[in-house]
Amino acid sequence: MTILKGAALLILAFIYTVTLEGIARKITARIQRRYGPPFWQNFIDIFKALTKHSISHGFIFDFGVLMAFGGTIATALFIPAGNLVVFPGLDNVFVVIYLLAIGLLGMAMSSVGSGNPNAGIGIGRALTQMLGYELPFLIVLVGVFFKYKNSSLSDLVNIQIESGQYNAWIMPLGALVAFISLLGMLGKKPFDVFIAPAEIASGPLVEYSGKYLGMLLIQHSFSVFIEIGLFVNLFLGGGRTVWEFLLKFFIVFFAAVIISAIMPRFRVEQAVKFYWKWPLILSFVQAIIVIMATGR
């Protein structure tokens with residue numbers, strides 16, 4: 001049953017996320033007064049890339065792709081999707097963050113191993129921006145863990161469902177900080193400086209082609225599922241059913257897409273300065289409120 005649940009979760013995550021990304025391209029085009037591609041274009045791009053010849057830049061380049069792909073898929077298995085939970089009780093937030101870091105490290109290692117300066121610049125920007133959004137996000141997480149004395153995603157979802165109160169209502173400042181951090185994790189504007197296609201030719205992805213590019217497009221889809229799934233489970237109560245989870249996922253995803261479509265891009269130093277200002281202050285305020293309320 002665990003294997004079947006895992007396979008079902010991965011298939012669901014891939015099909016649903018790639019479909020939403022295709023719809024997002026269409027919506028973004030319409031907001032910018034363009035026609036845009038059909039929503040199934042992302043599936044065509046992925047499967048077409050998987051059939052093309054790949055260019056290797058050495059062992060580190062190849063191994064990093066596999067590391068990123070495998071690490072991200074392993075992480076996705078620990079994200080509850082409503083009542084579809086592969087590892088109930090074992091889906092600890094710290095496990096998710098640790099496994100996700102393996103995938104990100106593989107991507108960074110592979111990109112830098114390509115020897116392209118644009119890839120190195122992109123990875124450097126991505127790691128610098130991570131210093132910005134991870135600090136306020138982790139402080140908010142500490143507040144959640146302190147309140148419930150629990151760090152299991154499935155347990156936190158059940159607590160919210162049983163109490164009828166989502167953390168987004170109990171900790172509104174924390175939810176706001178987490179959503180702003182989510183924009184940075186997703187690489188959505190104004191926090192997409194590490195990709196910047198017109199400036200550094202998509203940065204980390206500049207040297208990938210064929211099967212490698214196809215695998216990284218799939219890996220990106222699973223990363224989106226993980227990052228938005230974390231937010232939905234931690235702050236919106238996950239879902240009693242898969243359909244409820246997917247509906248909340250849909251709302252959060254397109255809120256990020258619409259913001260991204262109308263915002264200009266920050267420079268990397270502007271992004272870090274922004275995260276270390278208002279989101280960091282709000283995360284501390286939220287943590288203090290939680291500690292004082294829990295202490296009573």
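Note that the structure is a prediction, hence the values are computed from the model and not measured.
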In Å, rounded to the nearest 0.5 Å, how long is the span from [atom1] of [X] to [atom2] of [Y]?
{"X": "Q41", "Y": "I23", "atom1": "CD", "atom2": "CD1", "answer": "14.0 Å"}
{"X": "Q219", "Y": "M67", "atom1": "CD", "atom2": "CE", "answer": "11.5 Å"}
{"X": "L99", "Y": "I73", "atom1": "CG", "atom2": "CD1", "answer": "12.5 Å"}
{"X": "L90", "Y": "L153", "atom1": "CG", "atom2": "CG", "answer": "11.5 Å"}
{"X": "L127", "Y": "L105", "atom1": "CG", "atom2": "CG", "answer": "9.0 Å"}
{"X": "M171", "Y": "L282", "atom1": "CE", "atom2": "CG", "answer": "15.0 Å"}

[X] side chain to [Y] main-chain N or O, any donor-acceptor pair under 3.5 Å?
{"X": "N167", "Y": "L234", "answer": "yes"}
{"X": "D192", "Y": "K188", "answer": "no"}
{"X": "D91", "Y": "I79", "answer": "no"}
{"X": "S114", "Y": "S111", "answer": "yes"}
{"X": "S110", "Y": "G106", "answer": "no"}
{"X": "S181", "Y": "V177", "answer": "yes"}
{"X": "Q286", "Y": "L173", "answer": "yes"}
{"X": "E207", "Y": "A119", "answer": "no"}
{"X": "Y16", "Y": "L246", "answer": "yes"}
{"X": "E21", "Y": "V224", "answer": "no"}

Indicate the atoms forming the closest heavy-atom contact of [X] with [Y], along with that distance.
{"X": "S223", "Y": "T72", "answer": "OG-CG2, 3.5 Å"}
{"X": "G71", "Y": "I102", "answer": "CA-CG2, 4.5 Å"}
{"X": "G184", "Y": "F194", "answer": "O-CE2, 4.5 Å"}
{"X": "G143", "Y": "V290", "answer": "O-CG1, 3.4 Å"}
{"X": "V242", "Y": "A81", "answer": "CG2-O, 3.3 Å"}
{"X": "L186", "Y": "A256", "answer": "CD1-CB, 4.2 Å"}

Side chains of [X] and [Y] in contact at under 4.5 Å (non-hydrogen atoms):
{"X": "K189", "Y": "I259", "value": "no"}
{"X": "M263", "Y": "P190", "value": "yes"}
{"X": "I31", "Y": "K26", "value": "no"}
{"X": "W169", "Y": "F235", "value": "no"}
{"X": "M130", "Y": "M185", "value": "no"}
{"X": "V18", "Y": "W40", "value": "no"}
{"X": "L156", "Y": "Y148", "value": "yes"}

Are [Y] and [X] co-members of a hydrophobic cluster defined by side-chain heavy atoms under 4.5 Å apart?
{"X": "V85", "Y": "I3", "value": "no"}
{"X": "Y166", "Y": "I289", "value": "no"}
{"X": "F225", "Y": "M215", "value": "yes"}
{"X": "I195", "Y": "V193", "value": "no"}
{"X": "V142", "Y": "L230", "value": "no"}

Does K149 make a cation-pi contact with F146, if we ask for NZ or CZ under 6.0 Å from the ring centre and within 45° of the axis?
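The answer is yes; both the distance and angle limits are met.
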Quiz item: Checking K48 against F43: charged group under 6.0 Å from the ring centre and within 45 degrees of the axis?
Solution: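 No cation-pi geometry.
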* Using the six-membered ring wherever Trp is involved, compare the ring planes of F249 and F245 and label them parallel, tilted or perpendicular (cut-offs 30° and 60°). =>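 The rings of F249 and F245 sit tilted, inter-plane angle from 30° to 60°.
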What's the verdict on side chain to side chain contact (heavy atoms under 4.5 Å, CB included) for F14 and L9, showing C-alpha distance, side-chain angles and the deciding distance?
CA-CA 9 Å; F14 172 72; L9 180 64; over 6 Å; no
Proximity of [X] and [Y] rings by center, below 6.0 Å:
{"X": "Y208", "Y": "F61", "value": "yes"}
{"X": "Y275", "Y": "F191", "value": "yes"}
{"X": "Y133", "Y": "F137", "value": "no"}

Quiz question: by atom type and distance under 3.5 Å, do the side chains of [X] and [Y] form a donor-acceptor pair?
{"X": "T75", "Y": "Y98", "result": "no"}
{"X": "D62", "Y": "Y212", "result": "yes"}
{"X": "R240", "Y": "N83", "result": "no"}

Discussion item. Check this for me: F254, atom CZ, are more than 12 non-hydrogen atoms of other residues, nucleotides or ligands nearer than 6.0 Å?
Written reply: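 Counting neighbours around CZ of F254, more than 12 heavy atoms of other residues, nucleotides or ligands fall under 6.0 Å, so yes.
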| message | Run I258 and T28 through side chain to side chain contact (heavy atoms under 4.5 Å, CB included) and show every step you take. | response | CA-CA 7 Å; I258 292 172; T28 301; over 6 Å; no
### Query
Can you name the side chain to side chain contact (heavy atoms under 4.5 Å, CB included) partners of I139, sequence neighbours left out?
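Side chain to side chain contact (heavy atoms under 4.5 Å, CB included) list for I139, sorted by chain: L135, L280, S283, F284, A287.
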Step by step, would you call I97 with L138 a side chain to side chain contact (heavy atoms under 4.5 Å, CB included)?
CA-CA 10 Å; I97 294 174; L138 290 176; 4.3 Å; yes
Original post:
Where do N92 and S152 land on the side-chain hydrogen bond (donor to acceptor under 3.5 Å, both in side chains) test, with the steps shown first?
Top reply: CA-CA 4 Å; N92 194 288; S152 168; over 6 Å; no
Quiz item: Looking at K248 and E244, does any basic side-chain N land under 4.0 Å from a carboxylate oxygen?
Solution: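 Here K248 pairs with E244 in a salt bridge, since their nearest N and O are under 4.0 Å apart.
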- Query: Going through the checks in order, is the side chain to side chain contact (heavy atoms under 4.5 Å, CB included) test met by F69 and I218?
  - Reply: CA-CA 8 Å; F69 188 74; I218 297 173; 3.7 Å; yes
